[in-house]
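The structure under discussion appears below in the form of structure tokens.
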Amino acid sequence: MKHTIQHKIQYEQLLTPAEVASRFHVDPKTVTRWATEGKLTARRTLGGHRRYLDSEVTRLLDAA
């Protein structure tokens, strides 16, 4: 069975704003601002909370 990109994203680890902030050593509100500015892609949970793909965060850290 072939996995589509959407299927892989479905099973990828999602990080909370606090977890992302901890990796970058910034405030969680900074992470939210980055998402608003389009620097980081936020996914929304059913409850409306932001979550971030671990792979995207890791890629940004590696580029920094």
Side-chain angles (χ1 to χ4, degrees):
M1 176 180 188
K2 290 186 177 183
H3 295 288
T4 64
I5 292 173
Q6 186 65 31
H7 185 76
K8 288 180 182 179
I9 289 173
Q10 183 178 1
Y11 292 105
E12 185 172 346
Q13 182 178 356
L14 296 174
L15 303 173
T16 65
E19 291 169 326
V20 176
S22 175
R23 290 189 182 186
F24 282 98
H25 305 287
V26 297
D27 190 90
K29 290 186 182 209
T30 300
V31 176
T32 300
R33 189 180 76 244
W34 290 345
T36 302
E37 294 171 352
K39 296 178 182 179
L40 192 58
T41 306
R43 309 304 196 265
R44 295 287 186 149
T45 66
L46 293 175
H49 300 279
R50 288 180 176 92
R51 296 295 182 264
Y52 304 91
L53 290 174
D54 183 45
S55 63
E56 183 179 9
V57 171
T58 301
R59 189 170 45 254
L60 288 172
L61 279 170
D62 289 346

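In this text, all values refer to a predicted model and were calculated from it rather than measured experimentally.
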Taking distance alone, no hydrogens or angles, what donor-acceptor pairs closer than 3.5 Å link side-chain atoms of residues 51-64 to residues at least two apart or in another chain?
unit_1, atom_1, unit_2, atom_2, d
Asp54, OD1, Arg23, NH1, 2.7
Asp54, OD1, Arg23, NH2, 3.0
Ser55, OG, Glu12, OE1, 3.4
Ser55, OG, Glu12, OE2, 2.5
Glu56, OE1, Thr41, N, 3.4
Glu56, OE2, Thr41, N, 3.1
Glu56, OE2, Thr41, OG1, 3.3
Thr58, OG1, Asp54, O, 2.9

Which pairs count as ring-ring contact (aromatic ring centres under 6.0 Å, His included) when at least one residue sits in residues 16-39, sequence neighbours excluded? Phe24-Trp34
Test side-chain contact (heavy atoms from CB on, under 4.5 Å) applied to Asp27 - qualifying residues, sequence neighbours left out: Lys29, Thr30
Closest heavy-atom pair, Pro28 versus Ala18, reported as atoms and distance to 0.1 Å, is CG-CA, 4.1 Å
Distance from Leu15 atom CG to Arg50 atom CZ, nearest 0.5 Å? 15.0 Å
